[in-house]
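For reference, the structure is listed below as structure tokens.
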Protein chains: 2
Amino acid sequence: MRGPTIADVARRAGVSKGLVSFALNNRPGVADGTRRRILEAADELGWQPSMRARSLSTNRAFALGLIIAREPSVMSADAFFPMFIAGVESELGPAGQALVLSIVPGEDAELAAYRSLARDRRVDGVFITDLRADDPRIALATELGLPAVTLGRPDSTSPHPAVTLDDDPGIRAAVDHLVELGHRRIAHVGGPDRMLHGTRRRESFAAALQSAGLESTLSVSTDFSAAEGAAATRHLLALDEPPTAIVYANDHMAVAGLAVAQSAGVVVPRDLSITGFDGTEVGEHVYPALTTVATDVVEWGRASARVLLQLVTGEHPDDLELPPARLVVRSSTAPAPHPAT
Amino acid sequence: MRGPTIADVARRAGVSKGLVSFALNNRPGVADGTRRRILEAADELGWQPSMRARSLSTNRAFALGLIIAREPSVMSADAFFPMFIAGVESELGPAGQALVLSIVPGEDAELAAYRSLARDRRVDGVFITDLRADDPRIALATELGLPAVTLGRPDSTSPHPAVTLDDDPGIRAAVDHLVELGHRRIAHVGGPDRMLHGTRRRESFAAALQSAGLESTLSVSTDFSAAEGAAATRHLLALDEPPTAIVYANDHMAVAGLAVAQSAGVVVPRDLSITGFDGTEVGEHVYPALTTVATDVVEWGRASARVLLQLVTGEHPDDLELPPARLVVRSSTAPAPHPAT
DNA sequence: CTGAAAGCGCTTACAG
DNA sequence: CTGAAAGCGCTTACAG
């Protein structure tokens, strides 16, 4: 079951094991002819250096870690991680690195998972996603000696490089778009305030309204789930003066909101305009097709992987800023039903 | 950076390294007092055995592999993998095993990924998901010496244990439900024929129609994407005698079909009944809420992980059959518009 | 019940 | 430019 080892290659090439190692890792100090002979011998034997042995002697795992804290039941609705991971993989594979993935049910289990990954030295570095207010993982990664990259900039000072993608221009564009269509009562259905991207989208929304000279009193927090998005929509539509437009912080809530409106006889976009966030496939295939704010999540994965890879190989990469979120206008937005006052 | 080693523990406990190893893996042959002394010493030093060293000497990776072949762009719409992985993780974590995940763009890259995982001995076993007709991975896993478990039963003989979840009762229940509502022209929008679960759902559909004494002439194949689900629906609705009900092979296509119907002025479920498959959250939050066929994907992940874990520890687990798919009736199905002839 | 030693398959100073 | 040897941190026969 065990294949040929470096000793077999050395014997066949008539050199020492050390030299085979040098040739393999093409270090200087091996005569060209010798190197060729060694590589040939390796080839003939079908030898592949044992990753385990390399791990033990070089003290590296050749793997990166991603830990996701989510209830299993909500994972099916996640628009972010599958694409992010696909992007990460497209960089890791060619680099000979593996991705160790961990999905844990909550935040306590999440911290334990980081510790366990570090204890077993399963990975050389980690991605920190879903940044929260005062995120304990920033310090934990440092404490554990785990190189890390954060997705977005933490709200506290962080020693880890950040790969950022600014939601703000997208949210502002959505609000501006609605304002131009004559909307004056615009509501926001946002994520939890503990999540930085929840807070920031909310702040962008408020700032955009303010720029337009409007008040932002209609803003509700959810857990990003379709169920709470639906509940928030029901609440908003039952108001004495319901909004004529709703800016949702993700597509799933927007789709759920659309269903709530429809079931209440509110016609989108005639009576109510809505916008989503994420640019998911499902948003493209509801009726009316969802106007949304899109980001390039696959590229975010790729870029994050590249930065983390640099970090674990001893480089000191700078923060990296990706193209910001952008508005994608489809059919769920239209002129406000009542002319502005 | 390197922590205490087994030698430090041995010294502190006043025994040999070998004995520490025996105590750790609680093998017989260590006096109780000695064992206690050793464990105490380990505890005081905060020693954790090095997984890398264990890997090298025991020839195990303490990790399992999952390879997914998908275009990155369609990952966001995947209802299966995030939940499946969450289930897998819930078993692996406690067992001290890690999950190595690989997402590759196509089938060639997929086979290469299995080879690469095997070559680097990164994992002790693999999950084979998304079974296809005459699936080459069945033989490949054997060739590579990779213990494997298949999700579902392959169409060829397989040496690997299968963890199955029968779609058939769910599809039949959906068709029966529609027939009872008076539908006679029922169409199927299914997956690709190369995918076993595409074929099997189609066959279940045809068999159920036949049992009801109906013909099954309306059946179209897609790639499971919302876009093709929408196109198939457009095609069906444009027929001279359009169906009064459509059974979709997944929720995303059903949601897209719903949008197509709506945009054509076809009211669901008054003019057209539709059913989905997967029991996704989004299907619950469209209007009307989608009648669907649900499976317990998280449990499928758990069960598959348990079986694979048994396999890699040298046991010979039997095939495992999970509770079958079941119909969840919501609001997208109603009596047929025209009484049966 | 316990110890001393070899082995897993690499890498890396250290000599020459 | 090349070789012999030690070391990474465990596990596992083999002796006693």
Side-chain angles (χ1 to χ4, degrees), chain A residues 1-39 41-42 45-63 96 118-122 124 145 313-314, chain B residues 1-39 41-42 45-63 96 118-122 124 145 313-314:
Chain A
M1 205 78 260
R2 293 201 184 236
T5 76
I6 197 171
D8 300 319
V9 177
R11 201 173 311 121
R12 181 172 195 111
V15 299
S16 70
K17 296 190 312 180
L19 209 53
V20 175
S21 177
F22 272 54
L24 169 73
N25 298 306
N26 43 38
R27 296 233 220 152
V30 186
D32 264 15
T34 315
R35 178 187 307 275
R36 202 161 24 235
R37 205 152 33 99
I38 292 173
L39 265 21
L45 292 173
W47 173 69
Q48 291 292 143
S50 154
M51 174 139 297
R52 287 169 191 164
R54 298 186 74 188
S55 271
L56 183 58
S57 51
T58 62
N59 201 19
R60 281 184 299 161
F62 304 104
R119 172 167 45 68
D120 292 347
R121 296 193 155 270
R122 279 225 122 105
D124 298 318
T313 53
Chain B
M1 206 78 258
R2 294 202 184 235
T5 75
I6 198 172
D8 300 319
V9 177
R11 202 173 312 120
R12 183 173 192 113
V15 299
S16 70
K17 295 190 312 179
L19 210 53
V20 175
S21 176
F22 272 55
L24 170 72
N25 298 307
N26 41 40
R27 297 234 220 148
V30 187
D32 265 14
T34 315
R35 178 187 305 275
R36 202 162 22 237
R37 204 151 35 96
I38 292 172
L39 264 23
L45 292 173
W47 174 70
Q48 291 291 143
S50 154
M51 173 140 298
R52 287 169 192 166
R54 298 186 75 189
S55 271
L56 184 58
S57 50
T58 61
N59 201 17
R60 281 185 299 160
F62 304 105
R119 172 167 44 68
D120 291 348
R121 298 192 155 266
R122 279 225 122 105
D124 298 319
T313 53

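Each chain gets a letter, A, B and so on, in the order its sequence line appears, and its residues count up from 1.
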For the side chain of [X], counting heavy atoms from C-beta on, which of [options] is nearest?
| X | options | answer |
| --- | --- | --- |
| A:T5 | C:dG9, C:dT2, D:dC10 | C:dG9 |
| A:F22 | C:dT12, C:dA6, C:dT2 | C:dT12 |
| B:S16 | C:dA4, C:dG9, C:dT11 | C:dA4 |
| A:R27 | C:dT2, D:dT11, C:dT12 | C:dT12 |
| B:S57 | C:dG9, D:dT2, C:dG7 | C:dG7 |
| A:S50 | C:dT2, D:dT2, C:dG9 | C:dG9 |

Distance in angstrom units between [X] [atom1] and [N] [atom2], rounded:
| X | N | atom1 | atom2 | result |
| --- | --- | --- | --- | --- |
| A:F62 | C:dT11 | CZ | P | 8 Å |
| B:D32 | C:dT2 | CG | P | 10 Å |
| B:N25 | D:dT12 | CG | C1' | 11 Å |
| A:I6 | C:dG9 | CD1 | P | 11 Å |
| A:R54 | C:dC8 | CZ | P | 19 Å |
| A:K17 | D:dC8 | NZ | P | 15 Å |
| A:M51 | C:dT11 | CE | C1' | 14 Å |
| B:L45 | D:dC10 | CG | P | 12 Å |

Assign each of B:L19 and B:A53 to its nearest nucleotide of DNA chain C by heavy atoms, then name whichever residue's nucleotide is nearer the 5' end. B:L19
Report the C-alpha separation of A:R122 and B:F62 in whole Å, then their side-chain angles, then the decisive distance to 0.1 Å, and conclude whether the side chain to side chain contact (heavy atoms under 4.5 Å, CB included) test is met. CA-CA 10 Å; A:R122 279 225 122 105; B:F62 304 105; 3.2 Å; yes
[X] side chain near [N] phosphate (N/O to OP1/OP2, under 4.0 Å):
| X | N | result |
| --- | --- | --- |
| A:R60 | D:dC8 | no |
| A:T58 | D:dC8 | no |
| A:R52 | C:dC10 | no |

Set of side chain to side chain donor-acceptor pair (under 3.5 Å) partners for A:R37, sequence neighbours left out: none
Check: A:N59/B:R52 side-chain N/O donor and acceptor closer than 3.5 Å: yes
Taking the side chain from [X] and the backbone from [Y], do they hold a donor-acceptor pair closer than 3.5 Å?
| X | Y | result |
| --- | --- | --- |
| A:D124 | A:A61 | yes |
| B:T34 | B:V30 | no |
| B:N25 | B:S21 | yes |

What contact category does A:S21 fall into here, base, sugar-phosphate, or nothing, at under 4.0 angstrom with non-hydrogen atoms? base
At under 4.0 Å between heavy atoms, what does A:V15 touch on the DNA or RNA strands: base, sugar-phosphate, or nothing? sugar-phosphate
Report the base-pairing partner of C:dA4 (Watson-Crick or G-U wobble, both distances below 3.5 angstrom), or none. none
Checking base pairs now: Watson-Crick or wobble, both atom distances under 3.5 Å. What partners D:dA13? none
